[in-house]
Amino acid sequence: MKLKRSTFYVLLVMLLSRGITFSQIPVELFAGHERTTMDIMFFKFFKNKQDALKPNRWLFFNRNRASVDYRMTKSKFLPQFGFTEAISYNHEKAKGFAPVFVAQILSWGVFPKAGIQYALIKKNITVFSWMVCETLKNPELDYFILLRYTPKISNTLNLFTQAESLNTLPTLKTENLSFTQRVRIGLELKRYQFGVGADFNQSGNISFINLYNAGGFFRHEF
């Protein structure tokens, strides 16, 4: 059943993607002291067939992440992957707030979610956030926020700063909480960004396990 659901969501994303403008898709490679991750994330409005200069109200969010741990064995520290696809309806009178449907395909299953999103996407500032809940039995709540600021330093160089937080809150007291933070700071030259960063994760219930991965990143917008 999980395989069938995964195949369905992948095909759905492929079909929807045909109506989206795919420009400036950033790909990040992050090499840390414990693992290496690859991250592809972008937000795009569907094409407006009536007016090409005016964006459609439907916004598509895509994120694909994969990580490989240097300590990997046949049974421990195995590679992890995750695909997150979201579609929201953004009416101009809602001032950035919108209903959103999310489909997450992770290493351990498929998770449909729904909730409220906020998006502010400008040339040098991005604020993107949502609060969603699984539509499954015993659901988990997710609160996600991403902040990006890229002010000009010179005519050809920008500062690149990005911070994000993902908090997973189960509705069952016996399940673990999970908190993730990612920070990037560096420089932006044309469509290239590079610098240093760190990923942090806290998970548990009464007692928590704290993990981090510090290193450098390189991004390119295709």
Side-chain angles (χ1 to χ4, degrees), residues 13 17 20-48 52-56 58-70 80-88 90 95-98 100 102 117-130 142-167 179-201 211-222:
V13 170
S17 299
I20 304 171
T21 303
F22 284 105
S23 61
Q24 297 184 356
I25 299 176
V27 178
E28 178 194 271
L29 184 66
F30 181 75
H33 74 288
E34 287 194 345
R35 67 189 64 87
T36 293
T37 63
M38 187 178 71
D39 193 345
I40 303 173
M41 178 177 60
F42 62 88
F43 327 81
K44 295 295 173 187
F45 283 95
F46 282 77
K47 290 181 179 179
N48 192 325
L53 299 177
K54 184 179 179 181
N56 196 294
W58 292 96
L59 177 65
F60 179 70
F61 171 87
N62 172 280
R63 186 170 207 175
N64 306 313
R65 281 183 58 85
S67 66
V68 177
D69 199 297
Y70 308 141
Q80 301 288 322
F81 70 86
F83 305 102
T84 301
E85 322 296 337
I87 299 174
S88 59
N90 296 262
K95 300 186 182 299
F97 291 94
V100 61
V102 181
Q117 172 187 285
Y118 176 76
L120 173 66
I121 304 172
K122 295 187 176 181
K123 184 177 180 180
N124 296 322
I125 299 175
T126 298
V127 179
F128 188 86
S129 179
W130 67 42
D142 282 352
Y143 176 68
F144 170 71
I145 183 168
L146 180 139
L147 306 171
R148 184 184 299 149
Y149 182 48
T150 58
K152 272 187 171 295
I153 297 177
S154 67
N155 291 333
T156 59
L157 196 66
N158 285 34
L159 178 67
F160 180 86
T161 61
Q162 179 174 290
E164 61 178 292
S165 176
L166 172 61
N167 307 300
F179 307 100
T180 299
Q181 305 88 39
R182 302 185 183 103
V183 180
R184 305 287 187 265
I185 182 167
L187 298 174
E188 180 179 61
L189 180 63
K190 294 183 179 180
R191 290 192 175 186
Y192 295 90
Q193 299 91 30
F194 49 89
V196 297
D199 297 343
F200 304 90
N201 179 260
L211 302 173
Y212 77 97
N213 188 41
F217 73 92
F218 178 81
R219 296 172 86 249
H220 177 55
E221 294 181 354
F222 291 91

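Predicted model, so just to flag it, every value in this text is computed and none were measured.
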Carefully, step by step, assess Ile153 and Leu187 under the rule side-chain contact (heavy atoms from CB on, under 4.5 Å). CA-CA 9 Å; Ile153 297 177; Leu187 298 174; 3.9 Å; yes

Within the 3.5 Å criterion, strictly below it, is a donor on [X] or [Y] matched to an acceptor on the partner's side chain?
X: Asn201; Y: Asp199; result: no
X: Asp39; Y: Thr37; result: no
X: Arg219; Y: Gln193; result: yes

Classify the ring geometry between Phe60 and Phe42 as parallel (under 30°), tilted (30 to 60°) or perpendicular (over 60°).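 Aromatic pair Phe60/Phe42 classed tilted.
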
For the pair His220 and Tyr192, name the ring-plane relationship: parallel under 30°, tilted 30 to 60°, perpendicular over 60°.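 The arrangement is parallel - the two ring planes meet at less than 30°.
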
Please check: side-chain N/O of [X] versus main-chain N/O of [Y], any donor-acceptor pairing under 3.5 Å?
X: Ser165; Y: Ile145; answer: no
X: Tyr70; Y: Gly32; answer: yes
X: Thr126; Y: Leu147; answer: no
X: Asn213; Y: Glu34; answer: yes

So, for [X] and [Y], which heavy atoms are closest and what is the spacing to 0.1 Å?
X: Ala31; Y: Thr36; answer: CA-OG1, 4.0 Å
X: Asn90; Y: Ala98; answer: OD1-CB, 3.4 Å
X: Thr150; Y: Lys123; answer: OG1-O, 4.0 Å
X: Ala86; Y: Trp130; answer: CB-CZ3, 3.6 Å

Go through the steps to decide whether Leu59 and Gln117 satisfy the test side-chain contact (heavy atoms from CB on, under 4.5 Å), and finish with yes or no. CA-CA 11 Å; Leu59 177 65; Gln117 172 187 285; 3.7 Å; yes

How many angstroms lie between [atom1] in [X] and [atom2] in [Y], if you round to the nearest 0.5 Å?
X: Ser154; Y: Leu159; atom1: OG; atom2: CG; result: 11.5 Å
X: Phe217; Y: Ile185; atom1: CZ; atom2: CD1; result: 8.5 Å
X: Glu85; Y: Asn62; atom1: CD; atom2: CG; result: 4.5 Å
X: Met38; Y: Asn64; atom1: CE; atom2: CG; result: 8.0 Å
X: Glu28; Y: Phe218; atom1: CD; atom2: CZ; result: 11.0 Å
X: Glu221; Y: Arg191; atom1: CD; atom2: CZ; result: 6.5 Å

Should Glu188 and Arg148 count as an ion pair when the cut-off is N to O under 4.0 Å?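 Arg148 and Glu188: not salt-bridged.
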
Below 6.0 angstrom between ring centroids: does that apply to His33 and Tyr212?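 Yes, close enough.
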
Ring-ring centroid check Phe61 Phe43, cutoff 6.0 Å: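 Centroid distance Phe61-Phe43: below 6.0 Å, so yes.
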
Show your working on side-chain contact (heavy atoms from CB on, under 4.5 Å) between Val127 and Lys122 and close with a plain yes or no. CA-CA 9 Å; Val127 179; Lys122 295 187 176 181; over 6 Å; no

Going through the checks in order, is the side-chain contact (heavy atoms from CB on, under 4.5 Å) test met by Phe128 and Phe144? CA-CA 8 Å; Phe128 188 86; Phe144 170 71; 3.9 Å; yes

Given the ring of Phe30, does Arg182 sit roughly above its face, with NZ or CZ under 6.0 Å from the centre of the six-membered ring and within 45° of the axis?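 Arg182 over Phe30 ring: no.
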
OH/Tyr149: more than 12 non-hydrogen atoms of other groups inside 6.0 Å: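 No, because the 6.0 Å sphere around OH of Tyr149 holds 12 heavy atoms or fewer from other groups.
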
